[in-house]
Amino acid sequence: MIVILKEHPEQTQLDHLMGWLKEQQIEVHPTVGAHQTILGLIGDTSALDIDLISALDIVDDVKRVQEPYKNANRKFHPEDTVIEVGGTKIGGGNLTLIAGPCSVESEEQIVGIAKEVKASGATILRGGAFKPRTSPYAFQGMQIEGIRLLLKAKEATGLPICTEIMDASQLPLFEDIDILQVGARNMQNFSLLKALGRTRKPVLLKRGMACTYQDLLMSAEYILAGGNPNVILCERGIRTFETYTRNTLDLACIPSLKKLSHLPIIIDPSHATGKSSLVPSMAQAAVAAGADGLIIEVHNDPAHAKCDGPQSITPDAFDSLAKRLHRIKDALAD
């Protein structure tokens, strides 16, 4: 249920209403906008008398919310959520470029790529330290050493770090990491999501390979319900009958999720297509569709990458792409 208040509600009446709601074992989440305040009510609201609440002088309207996700719902939070990481704002009309290799391979590699993508306009560095792989024999990442090297790259460039966490037990290792990425395979790892809800670190939540928008938003709800408001949704392609591309990039998710939720939406064209030749087109289409940013795999030597080389673009290709992406963003602003 949401309670929409009139402009400039009288504080004493507002305190009385919120106190009464809490006495009914209702959790109240206020959202204060420029012209309107909304109270999001979470709990068993079935016994609340809508007519009684509507009759209050400070109340403009009361509506029941049918969707099972509450905190992630735009009805609860009409204004876009903007998440700030190391001076970079994600959401709210900003275009955030996250770039770097699929996996950390050496200090020279990660520091060199970090410097190049920063020079091209990336404001966050991505790189895998722990790698969930389909085959147990594939490269699993440098793990703790990979985190150390990511922090070396951050020290050298100032770029905030985004890297994947696979289990709640790893949280102490990620203390100095700026954005915790939850991969598609872990989107419904609810024990991990609950643990991330108890942190305040931004979480990049990737959509599962066969998950609906509601599935994704319900996973986000686990983190939000735990008290962490810093959730970034990420579309990385879903599994369909098409085999030419690694996955199928669902660009319709951008306007759809923006209608359903206030959370920022990042697109991953690298995992979505699995082909470096398709990454620029899909990245440009995502910006044109209104994405809040992109996470792109960039490698200095894709042919010899230890992980996902075929979908990685070179630093030079990223530099050219970044310029085009900003031109598209500027054209949309006009």
Side-chain angles (χ1 to χ4, degrees), residues 67-69 72 98-99 101-103 126 128 130-141 164 166 181-190 192-193 203-222 231-261 263-299 302-303 305-313 317 321 325 328:
E67 296 86 359
Y69 48 92
I98 306 171
C102 175
S103 61
R126 63 143 293 143
F130 292 86
K131 297 300 300 179
R133 305 297 300 278
T134 302
S135 170
Y137 310 113
F139 177 60
Q140 305 288 315
E164 183 169 355
M166 294 171 58
Q181 176 183 308
V182 175
R185 295 170 179 83
N186 266 325
M187 191 203 84
Q188 292 181 313
N189 180 342
F190 299 119
L192 173 60
L193 300 180
V203 177
L204 181 76
L205 180 64
K206 288 198 167 188
R207 181 183 179 187
M209 289 178 279
C211 293
T212 65
Y213 300 154
Q214 180 163 302
D215 291 337
L216 175 60
L217 292 173
M218 288 304 294
S219 289
E221 191 76 10
Y222 267 89
V231 179
I232 306 155
L233 305 176
C234 181
E235 161 65 24
R236 44 78 71 203
I238 54 174
R239 183 165 290 173
T240 68
F241 55 80
E242 182 54 68
T243 58
Y244 180 73
T245 53
R246 180 174 181 176
N247 296 288
T248 298
L249 179 56
D250 178 14
L251 289 178
C253 79
I254 300 170
S256 299
L257 289 171
K258 281 183 172 290
K259 181 177 180 180
L260 296 170
S261 179
L263 300 173
I265 305 161
I266 298 288
I267 301 299
D268 179 350
S270 303
H271 281 91
T273 64
K275 296 176 183 288
S276 60
S277 61
L278 301 180
V279 168
S281 296
M282 292 298 94
Q284 292 172 93
V287 174
D292 294 300
L294 295 150
I295 179 167
I296 296 174
E297 292 193 354
V298 179
H299 197 285
K306 291 185 178 180
C307 179
D308 288 344
Q311 67 192 35
S312 301
I313 62 175
L321 174 59
L325 295 176
I328 293 170

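Of all heavy-atom pairs spanning Thr245 and Ala272, the tightest one is CB-O, 4.3 Å. Scanning both residues, Met166 and Asn186, for their nearest heavy atoms gives O-ND2, 3.2 Å. Shortest non-hydrogen contact noted between Ala291 and Ile267 is CB-CG1, 3.7 Å. In plain terms, the two heavy atoms of Leu294 and Ala286 that are nearest each other are CD2-CB, 3.9 Å. Residue Leu263 comes nearest to Ala72 through the heavy atom pair CD1-CB, 4.2 Å, listed as atom of the first residue, atom of the second, then distance. Nearest heavy atom pair, residue Ser276 against residue Pro280, reads O-CD, 3.3 Å.
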Quiz prompt | Stepwise side-chain contact (heavy atoms from CB on, under 4.5 Å) test for Tyr213 and Leu233 | solution = CA-CA 10 Å; Tyr213 300 154; Leu233 305 176; over 6 Å; no

Exercise. Kindly indicate, with the supporting measurements, whether the criterion side-chain contact (heavy atoms from CB on, under 4.5 Å) is fulfilled by Glu297 and Arg126.
Key: CA-CA 8 Å; Glu297 292 193 354; Arg126 63 143 293 143; 3.7 Å; yes

Quiz item: Given the rule in the side-chain contact (heavy atoms from CB on, under 4.5 Å) test, do Ile313 and Val298 qualify, once you have shown the distances and angles that lead to the verdict?
Solution: CA-CA 5 Å; Ile313 62 175; Val298 179; 4.1 Å; yes

Quiz item: What do the steps show when you test Ile296 against Val279 for side-chain contact (heavy atoms from CB on, under 4.5 Å), and what is the final call?
Solution: CA-CA 8 Å; Ile296 296 174; Val279 168; 4.2 Å; yes

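Separation of atoms CE (Met209) and OG1 (Thr240) is listed at 12.5 Å; rounding is to 0.5 Å. Summarising the geometry, atom CG belonging to Leu249 is positioned 6.5 Å from atom CE belonging to Met282; distances are rounded to the nearest 0.5 Å. Arg239 CZ to Thr248 OG1: the interatomic distance, rounded to the nearest 0.5 Å, is 10.5 Å. Rounding to the nearest 0.5 angstrom, the gap separating the SG atom in Cys253 from the CD1 atom in Ile238 is 9.0 Å. How far OH of Tyr222 is from CG of Leu192: 12.5 Å, rounded to the nearest 0.5 Å.
A 4.5 Å side-chain heavy-atom check between Glu164 and Phe130 finds every atom pair outside the cut-off. Within the 4.5 Å cutoff, no side-chain heavy atoms of Leu278 are placed close to those of Gln311. Between His299 and Cys102, the closest side-chain pair of non-hydrogen atoms is not below 4.5 Å. Between Leu193 and Leu205 there is a side-chain heavy-atom pair separated by less than 4.5 Å. In this structure, the side chains of Arg246 and Thr273 stay at 4.5 Å or more apart for every pair of heavy atoms. Within the 4.5 Å cutoff, no side-chain heavy atoms of Pro255 are placed close to those of Lys259.
Evaluation of the side chain to side chain contact (heavy atoms under 4.5 Å, CB included) rule for Asp268 yields Lys206, Cys234, Arg236, Ser270, His271, Ile295 as partners, not counting sequence neighbours. The salt bridge (charged side-chain N to carboxylate O under 4.0 Å, His left out) test applied to Glu235 returns Arg207, not counting sequence neighbours.
The main-chain N or O of Tyr69 is never found under 3.5 Å from a side-chain atom of Glu67 such that the two would form a donor-acceptor pair. Distance alone, capped at 3.5 Å, places no donor-acceptor pair between the Asp292 side chain and the Ile266 backbone. In this structure a side-chain-to-backbone donor-acceptor pair under 3.5 Å is present from Ser219 to Met187. Panel note: side chain Ser261, backbone Leu257; no donor-acceptor pair is recorded below 3.5 Å.
One finds no salt bridge joining Lys131 and Asp308 here, because no Lys/Arg side-chain nitrogen approaches an Asp/Glu carboxylate oxygen to under 4.0 Å.
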